[in-house]
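Given the structure is predicted, the values throughout are model-derived calculations rather than measurements.
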There are 2 protein chains.
Amino acid sequence: MDQEAHHAGEQGSLLLQDQLCFALYAASRSVTTRYRPLLQELGLTYPQYLVMLVLWEEGSVSVRELGTALQLESSTLSPLLKRLEAGGLIHRERRADDERSVAVRLTRAGADLREKARTVPLAIGEAMGLTPEQDAIAKHLLRLLTENVTRG
Amino acid sequence: MDQEAHHAGEQGSLLLQDQLCFALYAASRSVTTRYRPLLQELGLTYPQYLVMLVLWEEGSVSVRELGTALQLESSTLSPLLKRLEAGGLIHRERRADDERSVAVRLTRAGADLREKARTVPLAIGEAMGLTPEQDAIAKHLLRLLTENVTRG
DNA sequence: TGCGATTAAGTCGTGCACAACTAAATCGGA
DNA sequence: TCCGATTTAGTTGTGCACGACTTAATCGCA
């Protein structure tokens, strides 16, 4: 299919272009780069946008729940949330019933931002240029891969 | 197929779990996390490993060529290469015929590391747990997506 | 009921990743 | 041949991402 026929040794190949991991890494960065100008208009970075997606969906969640949903450590989320709070989009407070937990909730400005974000997923979907079938297959395989890699 | 049937609005959905971009982002991080302990034995990070793959394949390349192959900016590569050089795996020198370019080449230690790295791709491939067919489909879709997103 | 184990959030240090910029070398047309 | 435009690396500043660690609160069982 491609230029050469080294299919035989592809499994253990050290060639960059044979590596699924590199295709994955390059694709992920290309997508966040594509998001950047769109999200800049909302004053968000890509990981901040993901946090906002969870909050728009769930309303109020703990840092721990955010970490579970996004598969991110608290050491990544804490500074990120601090920046969102400084930007006036979220509010944080210790939970009364369990003071180890911190509840994260949207401010009015954070909730309002949802409307401006509505067009983003379609714009990105269009830029990715996959058919609905390809999109579904890709999601399926990526989730399967993540599941396997994380468990192993 | 999954729990709920919001397939109708999936294209423009703001739900985290509908987003291909999130599946991609999570998968990419899960893979590099899986690589970490393996590469730690070689004294490499994941992006450093990718640079070494190119050098093992090509022998000697300019910073620019590395950037093209890995789709990374010189502002990412320069500090990374400085660390690889400090670790004794590569050497850098200005090209005589074009002093704007810097040639990156392996040291003996860097070339020798290739043998220790041989088992890595298979171990990762196994952890990803995709069939050869699934692996090929995933690579195809990710390259297509990257192509589309980068061009657009 | 008290105290060791667990859990939650956060800090710190290292290393990407990229935009914006700088400096130096090379190119190419008037 | 000369000088403005382009090319190439590299620096700086910001923001992830994660491991290792700290602190404080809660849990659970002897």
Side-chain angles (χ1 to χ4, degrees), chain A residues 21-22 25-40 43-52 61-87 89-90 92-104 150, chain B residues 21-22 25-37 39-40 43-52 61-68 70-87 89-90 92-104 150:
Chain A
C21 70
F22 174 66
Y25 169 73
S28 181
R29 283 185 299 109
S30 75
V31 169
T32 61
T33 295
R34 194 59 148 77
Y35 265 106
R36 206 181 318 278
L38 299 182
L39 295 180
Q40 208 151 30
L44 296 173
T45 65
Y46 180 67
Q48 288 169 9
Y49 167 71
L50 295 179
V51 167
M52 295 302 284
V61 293
S62 67
V63 174
R64 169 172 167 59
E65 288 162 337
L66 270 177
T68 300
L70 300 174
Q71 296 167 225
L72 289 171
E73 304 296 320
S74 71
S75 53
T76 298
L77 287 172
S78 286
L80 187 158
L81 294 172
K82 196 181 291 184
R83 282 185 285 270
L84 283 179
E85 190 168 39
L89 298 177
I90 65 164
R92 287 188 294 172
E93 57 189 346
R94 292 270 162 196
R95 284 204 164 140
D97 58 332
D98 185 346
E99 297 224 335
R100 291 173 303 179
S101 280
V102 165
V104 181
T150 306
Chain B
C21 70
F22 175 66
Y25 170 73
S28 181
R29 282 186 298 109
S30 76
V31 169
T32 61
T33 295
R34 193 58 147 76
Y35 265 107
R36 207 181 316 279
L39 295 180
Q40 207 151 29
L44 295 173
T45 65
Y46 179 68
Q48 289 169 10
Y49 167 71
L50 295 179
V51 167
M52 295 302 284
V61 293
S62 67
V63 174
R64 167 171 169 60
E65 287 163 338
L66 271 177
T68 300
L70 300 174
Q71 298 169 225
L72 288 171
E73 303 297 319
S74 71
S75 53
T76 298
L77 287 172
S78 287
L80 188 158
L81 294 172
K82 196 181 290 185
R83 284 185 283 271
L84 283 178
E85 190 168 40
L89 297 177
I90 66 164
R92 286 188 295 173
E93 57 188 348
R94 291 272 161 195
R95 286 203 162 141
D97 57 332
D98 185 344
E99 298 224 334
R100 290 172 303 179
S101 280
V102 165
V104 181
T150 305

Between dC16(D), dA9(D), dA19(C), which one does the side chain of Arg36(A) approach most closely? dA19(C)
Should Lys82(A) be listed as having a side-chain N or O under 4.0 Å from OP1 or OP2 of dG15(D)? no
Glu73(A) side chain: which of dC16(C), dC18(D), dC18(C) is closest? dC18(D)
Compare the minimum distances between each of dG15(D), dA17(C), dA9(D) and the side chain of Leu72(B), then state the nucleotide with the smallest one. dA17(C)
Report the nucleotide, chosen from dG10(D), dC18(D), dA24(C), that has the shortest atom-to-atom distance to any side-chain atom of Arg100(B). dA24(C)
Output yes when at least one side-chain N/O atom of Arg92(A) is less than 4.0 Å from OP1 or OP2 of dG10(C), else no. yes
Asp98(A) side chain: which of dC16(D), dA25(D), dT26(C) is closest? dA25(D)
Thr33(B) side-chain N/O to dA17(D) phosphate OP1/OP2 under 4.0 Å: no
Identify, between Leu80(B) and Ser74(B), the residue whose nearest nucleotide on DNA chain C lies closer to the 5' end. Leu80(B)
Shortest side-chain distance from Val63(B), nucleotide among dA9(D), dA8(C), dC16(C): dA9(D)
Are OP1 or OP2 of dC18(D) and a side-chain N or O of Arg29(B) less than 4.0 angstrom apart? yes
Nearest to side-chain heavy atoms of Ser75(B), which nucleotide of dT12(D), dA17(D), dG15(D): dT12(D)
Minimum-distance nucleotide (side-chain atoms of Ser78(B) versus dT11(D), dG15(D), dT8(D)): dT11(D)
